[in-house]
Structure formats: C-alpha cells, structure tokens
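All remarks here apply to the structure that follows.
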Amino acid sequence: MAGRIVVKAGDITREEVDAIVNAANESLLGGGGVDGAIHRAAGPGLLQECRRLGGCPTGEARTTAGYALPARYVIHTVGPVWRGGGAGEAELLARCYQRSLEEAEAHGVRTMAFPAISTGAYGYPLAEAAEIAVRTVARHLANGSPIEEVRLVCFSETARRIFAEALARHCGER
Ligand code: APR
C-alpha cells in the first residue's frame, strides 16, 4: 500500500511528524520565511549543527536533528531560484523533493512534511511548483517506499487550494 499525500494549510514548525523539510539556502545558516521559522522554533542547537555541515548545493538535501521542534529531524534542502523556467529550475526543484525523500528513508522516517519549496523568496510560481511536488512525491511513494505519509504544508489558503488542485489532478489521472 503506497503512502498517502496530504495537502493542508498550516505552520510546518508545528507538524507532529518524524521529519520536516526546510526550504534553506546554500549556506544552511538560516534566513527568513520557513527557514527562519524553523530555526526560531528549533532553537540555537539547529544552527550549531548546520554550521558543521558546510553548506548544501541547490537540489541537494542534508539532515539534522529537530531539537525543540516536535519533529525528530529537519531535512534541509535548497530549492532553485526562479529565473523564468529556462535554467533547469523544474529539474532542480524535483531533485529537492526526491533527495529529501531519500534522506528521510535513510533515517527511518515514516511521516514527513514539506513546505512549498522555492515559492516564497525564490519566486517559483505556485502552480508549477505544486505540480512538481505532487508528481515527484507520488512517483516515489508508488515505488515501494516505506514512507507512510507525506504532508504538503501550505502557509496560505491560496497555496493550499493550488496544491490540493494539483493533487486532485494527479489522482484523477491514475
Ligand atoms: N510553515 C509552512 N510554510 C511556510 C512557513 C511556515 N512557518 N513560512 C513560510 N512558508 C512558506 C512560504 O509562504 C512559501 O510558500 O514556505 C514557502 C517557501 O518560501 P520561503 O520560506 O521564502 O523559501 P524559498 O522561496 O524556498 O526561499 C528560500 O528564503 O528564507 C530564505 O534562507 C532562505 O535564502 C532562502 C530562501
């Protein structure tokens, strides 16, 4: 039985799952948006661990502990900056989801939550990002993954609706 995908609105720092994914930058030294929220909620231990990682290339993922967060792990991934769609952004964004899922499995994660990677400061259009997120996660879960639930946590009702529509379209295709 393939794991399920859930779309919801909320603050990802409050999700009670094994791992939450952070939309970080290549320094892994914190920032605004969801990166800032996760560091604030996790506490200073998160930044101390991140400092020892030496950064993360775009499209890659690194795992740390969750510290004061409900989640046991934080999987930091670096999404592409949107440059109009002709610079391989779609492949890089898909890689963020794929590598985060692989990191989760390597740590025995069974439930996890993603934010809408790259759709804030990095300017990725929500509809395209939602399509990539749903397609990449659904394909991975359909290939025998032990992950039981993946939540796509949106920070606005608009984003939630767009992600829910992408999920409904994907399910309708099967
Ligand atoms: N919970 C869930 N989603 C959130 C939260 C939160 N607490 N805060 C913000 N978001 C949403 C935003 O609304 C957006 O849809 O996360 C999505 C990603 O937006 P950003 O956090 O701006 O991340 P991104 O677009 O990937 O840009 C990354 O911003 O914060 C810096 O250090 C980060 O340099 C990096 C860049």
Side-chain angles (χ1 to χ4, degrees), residues 3 5-6 8 10-83 87-124 129-130 132-133 136-137 139-141 143-155 159 163:
I5 301 175
V6 172
K8 62 184 288 188
D11 173 354
I12 198 168
T13 66
R14 305 174 66 82
E15 290 297 317
E16 300 194 0
V17 288
D18 298 335
I20 62 170
V21 176
N22 181 20
N25 59 60
E26 291 192 337
S27 75
L28 292 188
L29 298 181
V34 71
D35 195 3
I38 288 174
H39 276 273
R40 273 194 302 281
L46 179 59
L47 183 57
Q48 283 162 14
E49 184 172 356
C50 285
R51 281 212 178 93
R52 295 196 294 270
L53 294 177
C56 177
T58 298
E60 266 306 318
R62 299 285 184 274
T63 303
T64 66
Y67 298 94
L69 286 161
R72 186 166 170 211
Y73 299 108
V74 179
I75 297 170
H76 306 261
T77 192
V78 182
V81 174
W82 177 254
R83 291 190 169 82
E89 296 98 318
E91 292 74 23
L92 281 167
L93 184 59
R95 240 180 97 66
C96 285
Y97 284 92
Q98 183 58 37
R99 290 286 303 112
S100 297
L101 289 158
E102 289 165 0
E103 277 292 304
E105 285 176 2
H107 288 82
V109 164
R110 292 290 177 270
T111 61
M112 67 190 290
F114 283 96
I117 301 165
S118 282
T119 65
Y122 282 2
Y124 212 110
I132 289 167
T136 308
V137 171
R139 277 185 187 155
H140 186 85
L141 294 182
N143 285 340
S145 167
I147 295 171
E148 293 159 6
E149 178 170 301
V150 175
R151 302 177 187 176
L152 303 177
V153 180
C154 302
F155 208 45
F163 270 71

* Does any pair with a residue in residues 44-67 pass salt bridge (Lys or Arg N to Asp or Glu O under 4.0 Å), and if so which ones, sequence neighbours excluded? ->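 As it turns out, the salt bridge (Lys or Arg N to Asp or Glu O under 4.0 Å) pairs with a partner in residues 44-67, which skip direct neighbours, are E60-R62, E60-R95, E60-R99.
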
Would you say that [X] contacts [Y] through its side chain, given a criterion of any heavy-atom pair below 4.5 Å between the two side chains?
{"X": "V150", "Y": "L101", "value": "yes"}
{"X": "V21", "Y": "P115", "value": "yes"}
{"X": "N25", "Y": "Y122", "value": "yes"}
{"X": "E15", "Y": "K8", "value": "yes"}
{"X": "P80", "Y": "Y124", "value": "yes"}
{"X": "R151", "Y": "I20", "value": "no"}

Looking at every heavy atom in both [X] and [Y], which two are closest together, and how far apart are they?
{"X": "A41", "Y": "L69", "value": "CB-CD2, 3.6 Å"}
{"X": "G66", "Y": "A42", "value": "O-CB, 3.7 Å"}
{"X": "S100", "Y": "I75", "value": "O-CD1, 3.7 Å"}
{"X": "V78", "Y": "P57", "value": "CB-O, 3.9 Å"}
{"X": "T119", "Y": "A129", "value": "CG2-CB, 3.4 Å"}
{"X": "A23", "Y": "I117", "value": "CB-CA, 4.4 Å"}

* Taking ring pair (Phe, Tyr, Trp, His ring centres under 6.0 Å) as the test, write out the residues that go with F163, two or more places apart. =>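 Scan of F163 (ring pair (Phe, Tyr, Trp, His ring centres under 6.0 Å), adjacent residues dropped) gives none.
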
Which value, rounded to the nearest 0.5 Å, describes the distance between [X] atom [atom1] and [Y] atom [atom2]?
{"X": "L28", "Y": "D35", "atom1": "CG", "atom2": "CG", "result": "8.0 Å"}
{"X": "H76", "Y": "L53", "atom1": "NE2", "atom2": "CG", "result": "7.0 Å"}
{"X": "R139", "Y": "S145", "atom1": "CZ", "atom2": "OG", "result": "15.5 Å"}
{"X": "L93", "Y": "T136", "atom1": "CG", "atom2": "OG1", "result": "7.0 Å"}
{"X": "I38", "Y": "C50", "atom1": "CD1", "atom2": "SG", "result": "10.0 Å"}
{"X": "E148", "Y": "L141", "atom1": "CD", "atom2": "CG", "result": "10.5 Å"}

Treating [X] as the side-chain partner and [Y] as the backbone partner, does any N or O pair qualify as donor plus acceptor under 3.5 Å?
{"X": "E105", "Y": "I147", "value": "no"}
{"X": "E89", "Y": "R83", "value": "yes"}
{"X": "D18", "Y": "T111", "value": "yes"}

* **Greater than 12 external heavy atoms within 6.0 Å of R110's CZ** =>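 Above 12, so yes.
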
